[in-house]
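Here the structure is laid out as structure tokens; the discussion comes afterwards.
Whatever order the structure lists ligands and atoms in, that order sets their numbers, starting from 1.
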Amino acid sequence: MKTLRGMHDIYGDEIYKWQYAEEVIKNTCARFNFNELRTPIIEHAELFQRSVGEDSDIVQKEMYTFVDKGNRNVTLKPEGTAAVVRACIEHNLFDASKFYYISPMFRYERPQAGRFRQFHQFGAEYFGIDNANADAEMILLSREIILALGIQNVTLNINSIGDKVCREQYNFLLREFISHNLNDLCEDCHSRYETNPLRIIDCKNQKCREVIANAPVISNALCDDCNEHFKTLQQILTELGVDFVVNPKIVRGLDYYTKTVFEFQHDGLAICGGGRYDDLVHELDNSKTISAVGFGFGMERLISLTPVSNFKPLDVFIATIGVETITFAQQLAYRMRQIGLRVDYNNSVRSLKSQIKHAFNINAKHLIVIGEDELNHDINIKNLSTKEEMKLNDFIKQMECEKL
Ligand code: HAM
């Protein structure tokens with residue numbers, strides 16, 4: 001049996017990178033005063049239909065949706081924002097208004113480099129503030145994580161896609177521009193032309209790209225308020241020393257965005273995407289009007305670029321000679337683990353030579369050998385890099401002092 005297409009196991013050296021990245025994310029979110037929020041992996045399908053958008057690729061083609069035994073139409077989360085908004089509405093959490101999550105997501109896409117059917121997102125959402133400082137705060141948080149993970153050559157792309165009113169005007173301009181080349185569009189873009197022409201701008205099809213190459217850009221169609229918001233964001237980022245590129249091609253694939261959208265890209269691939277979504281809370285609960293801004297990182301993409309891991313070698317490996325030494329070694333290991341050391345022991349019958357080889361292979365820092373002699377006499381511990389030996393009791397005292 002193998003994993004399903006587009007799914008993957010995470011193990012070996014990679015798991016240490018995940019642990020390191022998760023640690024960095026949690027610490028950085030704490031510094032920015034974001035709290036963790038965990039939502040179920042499965043939600044009512046309607047939640048995503050109403051938020052991500054009926055004519056988005058996610059809803060049209062990519063959702064893992066099925067009818068459960070209670071005859072409910074349910075979906076494995078394809079993204080995190082809608083679920084966080086649902087939870088905030090359900091538990092009235094908008095007061096404590098900064099949340100982050102790390103969670104598996106599911107999209108039935110064509111698997112390729114950096115694109116999976118089960119992947120993980122680290123996302124963050126900031127509710128209740130409609131100014132450009134909140135947008136900048138999210139950009140700062142995501143950028144801080146990229147920097148802390150030592151990832152290089154990442155470009156921040158920003159754009160504004162306006163609000164409902166100016167987007168409608170822009171869609172009108174875009175339809176007019178495209179109307180002369182309608183037959184060159186791919187099948188998907190044909191229907192997008194009617195339902196959401198903005199989506200044609202990030203179509204990957206070469207012909208569609210040619211059609212929209214000289215299309216009017218949305219920044220020229222923004223209303224005064226959206227224009228002011230976008231200009232202010234650029235000014236704030238410049239004053240904070242954050243490098244960015246204004247990229248009119250960034251329109252994002254989910255329908256809920258308003259005003260600012262942004263992506264951190266590495267080698268043309270988005271490792272993080274986000275933006276403002278001032279209408280989503282109201283669309284899901286019309287008794288509330290709460291502005292919001294957030295982002296989502298693809299964890300797999302982030303990890304593949306992270307040069308650092310949190311691999312920590314064993315402090316002590318205990319070799320055993322003969323079955324009768326194993327219980328003693330286990331007790332010794334347990335005692336040393338109580339003072340915070342990483343310790344393991346040999347729990348099988350095999351030659352001392354192969355045990356020592358194993359200790360070097362796993363980069364253990366120290367080695368203890370327990371034979372019959374050691375059961376009754378002083379035990380020595382050897383530092384495997386300096387080759388120095390000392391009495392185990394002295395070593396333990398030293399470790400306890402270092403802990404204090
Ligand atoms: P998204 O752009 O659809 O936005 O996804 C965010 C990130 O998830 C992408 O930039 C990418 O790194 C990663 N990603 C997406 N699909 C896949 C895949 N099939 N395999 C691997 N990685 C993938 C959202 O989901 C929004 N909820 C982000 C957001 C939060 N906007 C506001 N708040």
Centroid separation Phe317 to His366 less than 6.0 Å: no

Does either side chain, that of Glu300 or that of His8, offer a donor lying less than 3.5 Å from an acceptor on the other one? yes

What protein heavy atom is closest to atom 19 (N) of ligand 1, reported as residue, atom name and distance in Å? Glu109 OE2, 2.6 Å

Any N/O pair Tyr277/ligand 1 closer than 3.5 Å: no

Would you find a donor on one side and an acceptor on the other, under 3.5 Å apart, between the side chain of Arg72 and the backbone of Val67? no

So, does Cys272 sit close enough to ligand 1 that a heavy atom of it is under 4.0 Å from the ligand? yes

Within a distance under 4.0 Å of any heavy atom of Gly114, pick out the atoms of ligand 1 and give their elements. 20 (N), 21 (C), 22 (N)

What residue and heavy atom of the protein are closest to atom 15 (C) of ligand 1, and at what distance? Arg107 NH1, 3.5 Å

Evaluate Thr81 against Tyr256 for side chain to side chain donor-acceptor pair (under 3.5 Å), listing each step before the verdict. CA-CA 10 Å; Thr81 310; Tyr256 48 63; 3.1 Å; yes

Which protein non-hydrogen atom lies closest to atom 4 (O) of ligand 1, naming both residue and atom, and how far is it? Arg252 NH2, 2.9 Å

For Ala270, counting its heavy atoms only, list the atoms of ligand 1 lying under 4.0 Å from any of them. 10 (O), 11 (C), 12 (O)

Filtering Tyr101, Phe119, Tyr126 for the heavy atom nearest atom 23 (C) of ligand 1 leaves Phe119

Worked check of side chain to side chain donor-acceptor pair (under 3.5 Å) between Asn383 and Ser385: CA-CA 6 Å; Asn383 183 317; Ser385 43; 3.0 Å; yes

Test of ring centre spacing under 6.0 Å for Tyr100 and Phe34: no

With Phe32, which of Glu144, Lys98, Met138 fulfils side chain to side chain contact (heavy atoms under 4.5 Å, CB included)? Glu144

Are Glu263 and Arg252 close enough for a salt bridge, meaning some N to O gap below 4.0 Å? yes

Is the closest N or O pair between Gly275 and ligand 1 shorter than 3.5 Å? no

Give the residue and atom name of whichever protein heavy atom lies nearest to atom 33 (N) of ligand 1, and the separation in Å to one decimal. Glu125 OE1, 2.8 Å

Does Phe295 reach ligand 1 with a nitrogen or oxygen that is under 3.5 Å from one of the ligand's nitrogen or oxygen atoms? yes

Below 4.0 Å from any atom of ligand 1, is there a heavy atom belonging to Gly123? no

Nearest heavy-atom pair of Arg5 and Arg117: which atoms, and what distance? O-CD, 3.4 Å

Heavy-atom proximity to atom 29 (C) of ligand 1, picking from Tyr108, Tyr257, Phe122, points to Tyr257

How does Ile58 reach ligand 1, if at all, at less than 4.0 Å between non-hydrogen atoms: by side chain, backbone, both, or neither? neither

Starting from atom 20 (N) of ligand 1, which protein heavy atom do you reach first, and at what distance in Å? Phe116 N, 2.9 Å

Check ligand 1 against Gly273 and write out every atom of the ligand that is under 4.0 Å from a heavy-atom position of the residue. 10 (O), 28 (C), 29 (C)

For atom 7 (C) of ligand 1, which protein heavy atom lies nearest, and how many Å away is it? Gly296 O, 3.4 Å

Using a strict threshold of under 4.0 Å (side-chain N to carboxylate O), is an ion pair present between Arg276 and Asp135? yes

Run the side chain to side chain donor-acceptor pair (under 3.5 Å) test on Glu125 and Tyr101 for me, step by step, so that the C-alpha distance in whole Å, both residues' side-chain angles and the decisive distance to 0.1 Å come before the verdict. CA-CA 9 Å; Glu125 318 291 348; Tyr101 48 90; 2.6 Å; yes

Taking 4.0 angstrom as the limit and counting only heavy atoms of Gly274, give me the atoms of ligand 1 inside it, by number and element. 31 (N)

Ser103 and Lys77: side chain to side chain donor-acceptor pair (under 3.5 Å), yes or no, with the steps? CA-CA 9 Å; Ser103 168; Lys77 266 194 301 204; 3.1 Å; yes

If you scan protein heavy atoms around atom 5 (O) of ligand 1, the nearest is Gln121 NE2, 3.1 Å

Indicate yes or no: does Glu23 engage Lys17 in a salt bridge with an N to O separation below 4.0 Å. no

Using heavy atoms and a threshold below 4.0 Å, how should the contact between Arg115 and ligand 1 be classified: side chain, backbone, both, or neither? both

Any idea which part of Glu300 is under 4.0 Å from ligand 1, heavy-atom wise: side chain, backbone, both or neither? neither

So is Gly298 polar-close to ligand 1, meaning N/O to N/O under 3.5 Å? yes

Suppose we measure from atom 26 (C) of ligand 1 to each protein heavy atom; which comes out shortest, and what is that distance? Tyr256 OH, 3.3 Å

When the aromatic ring centroids of Phe295 and Phe122 are compared, is their separation below 6.0 Å? yes

